J.: 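Here it is, the structure, as structure tokens.
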Amino acid sequence: MLINMYSKCGSEVSARKVFDRMTERTLVSYNTIISAYAQKGDEENALFLFVQMRREGNNPLTEFTVSSVLCACASKCDVLTSKQLHCFSIKNSMDENVFVGTALLDVYSKSGFVHDASRVFEGMPEKSDVTWSSMAAGLVQNKLYEEALVLYTRARATTGLETDNKFTISSIISACAGLAAFIEGRQVHSVVCKTGFESNNFIASSLVDMYAKCGAIKDAFRLFQNIQDKNLVLWNVMISALAKHSRSLEVMVLFEKMQQAGLEPDEVTYISVLSACGHMGLVKEGRTYFYLMTELHHLSPNVLHYSCMVDVLSRAGLVREAYELMKDMPFDPTAPMWGSLLGSCRVHGNVELAEVAAGNLFEIEPGNAANYVMLSNTYAAGRQWEGVASTRKLLKENDGVMKKERGKSWVEIKDKVHTFMAGERKHPRIMEILLELDRLMEETKKRGGYKPDAGYELHDVEQGKKLELLKHHSEKLAVCFGLMSLPEGIPIRIMKNLRICGDCHSFMKSVSSVEGREIIVRDTNRFHHFWNGHCSCNDFW
DNA sequence: TGATGCTTTT
């Protein structure tokens, strides 16, 4: 009882002292101290005491011990120990125990073995609300968002279950965020309102994140403002949301405000702040934040912070300095860093460094065709036609290993998600969509200043075919369908599986002015708000 | 007398 009291009050040191002074330890005293460590996330001590307990002999292994030790394994992602415990619990018919089963599926999904987790889940004869919420969280953590939503529906249909708890709901909202499912996300929000969890920081964080990832940054901000006691994660979520939406001024304001509210920024905060500087080309500010991070807040920059700084410098044209930073930093340069460097060598006409960057990229990601195209475009910008030819030849030679993920965009209309692949022909209304596309092409060329640019088409085919492929990029089809289906004044929200290309970007700008429509495109990197011929990213992405 | 679950990152 004393051990339990001390650990629940947060003093595991006192709990351990009591435990150590006991002249005789029972199974329960061991279980209590092990669970104390497991809950604290101190897997070292939990596992150590577990082994000691086994060595001391005549302590039978029970469901209590197994579930606690599994909890420790989960934070350590120790699959090997977990598998031994799994076998043990099957042999001793403990695997049907709710606590053991739930802990098992948790450790499997946290370690990335979500299918094993699922198998444990399906095999459990008795499931508690914790079992359901653990499974939901596991699916979300492994990016199986649709499966998570299906599970939630299943849970709600099961009688005698308290499904709508903080744990399940925050996971489900995060699944909606991952899918950018605006309509479903709002439905879950309404469940939140009914249950009264709105002020919970976990729920609020996932809601703010969900709205931001659906492109509804204003809804995200409104929600954020209404939370009374904001924790660090909630501030971080809001700041990263603003960064992705290119609201760099607001990022800086919130960065100050969170400190006025008495919270210290952490590594995550600085990633968002630095990435905002990169997006907007703010060198001076980027340098200042990097300095503040190390000198004022005593945080040691990780590889992601360096990646942001490389981006900050190279986008501003300081490619040489970016390169020096990559050589000096205590990490190996990553593909995104070389990519950022190569991209800005193209813009700023530095062929020499572009060759270095491309050489490294070809080694790290041999299957990425975009890198070859980028190098070729750099040569083209410097009118070095031999380079263009040799890079194109290299690309052709390696055609077999190139992984070109097919472009895919989707848009929600009423209660349905419409998906478009590049060159799509299967949509039931494809003929109307293509007619609308022809109309828009004419209009934007005539009144919107749009000029197709086949330089962005990565496939190695002749010019006429290139323009054809370019015209049928998935986001162009999606925006046509959006215009046909959504009433005037309703923004068109498009999600995309790749980065938006330069040609589609200028097309969207043009459509927004010609049609007087707000268009929001989420690509893999960030958001683009098109309005009146402009984009929120200021053509800087 | 003891056990399992949630949000943010280039």
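What you see below is based on every heavy atom in this structure, not just the backbone, and it leaves out hydrogens, waters and symmetry mates. Letters go in sequence order (proteins before strands), and every chain restarts at 1. All figures in this text were calculated on a predicted structure; none of them were measured in a lab.
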J.: Out of B:dT9, B:dG5, B:dT1, which has the shortest distance to the side chain of A:Asp129?
T.: B:dG5

J.: According to a strict under-4.0 Å criterion, is A:Lys230 in side-chain N/O contact with OP1 or OP2 of B:dT8?
T.: no

J.: Are more than 12 heavy atoms, taken from residues, nucleotides or ligands other than A:Phe48, located less than 6.0 Å from that residue's CZ atom?
T.: no

J.: What is the distance, rounded to the nearest whole Å, between atom CD of A:Gln39 and atom C1' of B:dA3?
T.: 8 Å

J.: Whole angstroms only, please: what is the CD1-P distance between A:Ile3 and B:dG2?
T.: 11 Å

J.: How long is the line joining NE2 of A:His245 and P of B:dT10, in whole Å?
T.: 12 Å

J.: What's A:Asn200 touching, base or sugar-phosphate or nothing? Going by heavy atoms closer than 4.0 Å.
T.: nothing

J.: Between C1' on B:dT8 and CE on A:Met258, what's the gap in Å once rounded to a whole number?
T.: 11 Å

J.: Among B:dT7, B:dG5, B:dT1, which nucleotide sits nearest the side chain of A:Met1?
T.: B:dT1

J.: More than 12 heavy atoms of other residues, nucleotides or ligands under 6.0 Å from CG of A:Asp328: yes or no?
T.: yes

J.: Have a look at A:Asn165 and say if it touches a base, only the backbone sugar-phosphate, or nothing, with a 4.0 Å heavy-atom cut-off.
T.: base

J.: Can you figure out which of B:dT4, B:dC6, B:dT1 approaches the side chain of A:Val130 most closely?
T.: B:dT4

J.: Given atom CD of A:Glu267 and atom C1' of B:dT9, what is their separation to the nearest angstrom?
T.: 10 Å

J.: Above 12 or not: heavy atoms from other molecules or residues under 6.0 Å from CG of A:Asp229?
T.: no

J.: Using whole Å, report how far CD1 of A:Ile239 lies from P of B:dT8.
T.: 16 Å

J.: Expressed as a whole number of angstroms, how long is the span from A:Ile271:CD1 to B:dT10:P?
T.: 7 Å

J.: Just by distance, no angles: are the side chains of A:Asp311 and A:Ser340 close enough, under 3.5 Å, to form a donor-acceptor pair?
T.: yes

J.: Does A:Gln141 make a side-chain N or O approach to OP1 or OP2 of B:dG5 shorter than 4.0 Å?
T.: no

J.: So what does A:Leu27 hit on the nucleic acid, given a heavy-atom distance under 4.0 Å: a base, only sugar-phosphate, or nothing?
T.: base

J.: Which nucleotide in the set B:dA3, B:dT8, B:dT4 lies at the smallest distance from any side-chain heavy atom of A:Ser174?
T.: B:dT8

J.: Measuring to OP1 and OP2 of B:dG2, would you say a side-chain N or O of A:Lys8 lies under 4.0 angstrom away?
T.: no

J.: Check the pair A:Tyr152 / A:Met135 against side-chain contact (heavy atoms from CB on, under 4.5 Å), numbers first and verdict last.
T.: CA-CA 10 Å; A:Tyr152 180 55; A:Met135 194 63 240; over 6 Å; no

J.: OP1 or OP2 of B:dG2 sitting under 4.0 Å from any side-chain N/O of A:Asn4?
T.: yes

J.: Look at all strands and tell whether A:Ser272 reaches a base, only sugar-phosphate, or nothing, counting heavy atoms closer than 4.0 Å.
T.: nothing

J.: Tell me if the centroids of the rings in A:Tyr270 and A:Phe255 come within less than 6.0 Å of each other.
T.: yes

J.: Please give, in whole Å, the distance from B:dT1 P to A:Arg25 CZ?
T.: 21 Å

J.: Report yes if a donor N or O on one partner sits less than 3.5 Å from an acceptor N or O on the other, where the partners are the side chain of A:Ser67 and the base of B:dT4; otherwise report no.
T.: no

J.: Examine B:dT7: is either OP1 or OP2 under 4.0 Å from a nitrogen or oxygen in the side chain of A:Lys213? Give yes or no.
T.: no

J.: Heavy atoms from C-beta onward define the side chain here; which of B:dC6, B:dG2, B:dT4 lies closest to that of A:Ala103?
T.: B:dT4

J.: Taking the side chain of A:Val268 as heavy atoms from C-beta outward, which of B:dT7, B:dT4, B:dT8 is closest to it?
T.: B:dT8

J.: Which of these nucleotides, B:dT8, B:dT4, B:dA3, is closest to any side-chain atom of A:Ser35?
T.: B:dA3

J.: Which nucleotide in the list B:dG5, B:dT8, B:dG2 gets nearest to the side chain of A:Ser240?
T.: B:dT8

J.: Is the charged tip of A:Arg186 near the ring of A:Phe182: under 6.0 Å from the six-membered ring centre and within 45° of its axis?
T.: yes

J.: Going by 5.5 Å between centroids and 30° between planes, is there a stack of A:Phe202 over B:dC6?
T.: yes

J.: Indicate, with a heavy-atom threshold strictly under 4.0 Å, whether A:Asp311 touches base, sugar-phosphate, or nothing.
T.: nothing

J.: Record whether the side chain of A:Ser170 comes under 3.5 Å of the base of B:dT7 through a donor-acceptor pair of N or O atoms.
T.: no

J.: Between the side-chain atoms of A:Ser133 and the base atoms of B:dG5, is any donor-acceptor pair under 3.5 Å?
T.: yes

